[in-house]
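Structure first, commentary second.
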Amino acid sequence: MKLWRWLTTPDPAPGFTAGKMLKLTARVMLFALVATLLSSLLQLTPLKDTLNTWWGSLLFVLLLYIPAARFLTMDTFAPRRPVTTPGTGAKGAAAKGSSAQRRKERNRYAGVRKGAPKYGGRR
């Protein structure tokens, strides 16, 4: 279970560190193992003739890769969230101001203005 948690926990360090490359290699090897096992099991079914065509193998790869894409690219393309401490940021700064500033900030988004008519309005 610790191995799975290690594989699925994003690495907080930016760039390609040694640990991140090791995780990526382990994920790719695990994906290749699962793909090989599934392909060999499907060769034992009546789908064998379909999988031996170019479009059958393309469908197999797409059906296998699309769910695994998030697992394979977890550390590489995950957006970073800024680390904020309580009391800092937009809400913390607005709460520290005077009551007039807080009221102004609250009322800033209170009303919603109607946008321009779509598709030219009335005709």
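Values below: every heavy atom of this structure, side chains too, minus hydrogens, waters and symmetry copies. Given the structure is predicted, the values throughout are model-derived calculations rather than measurements.
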Please tabulate, one pair per line, all N/O donor-acceptor pairs under 3.5 Å involving side-chain atoms of residues 36-46, not counting sequence neighbours.
from  : atom 1 : to    : atom 2 : distance (Å)
Thr36 : OG1    : Ala32 : O      : 2.7
Ser40 : OG     : Thr36 : O      : 3.1
Ser40 : OG     : Leu37 : O      : 2.9
Thr45 : OG1    : Leu42 : O      : 2.7
Thr45 : OG1    : Leu47 : N      : 3.3

Hey, what do you get for [atom1] ([X]) to [atom2] ([Y]), rounding to the nearest 0.5 Å?
X	Y	atom1	atom2	answer
Lys23	Met21	NZ	CE	13.0 Å
Ser99	Arg102	OG	CZ	6.0 Å
Leu59	Trp54	CG	CH2	9.0 Å

Checklist outcome for this item: Contacts of Phe31 meeting side chain to side chain contact (heavy atoms under 4.5 Å, CB included) (sequence neighbours excluded), chain-then-number -> Leu64, Tyr65, Ala68, Leu72
Next on the checklist: Measuring only between side-chain heavy atoms, which start at C-beta, is Lys48 closer than 4.5 Å to Asn52?
Outcome noted: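 Counting from C-beta outward, Lys48 and Asn52 do come under 4.5 Å.
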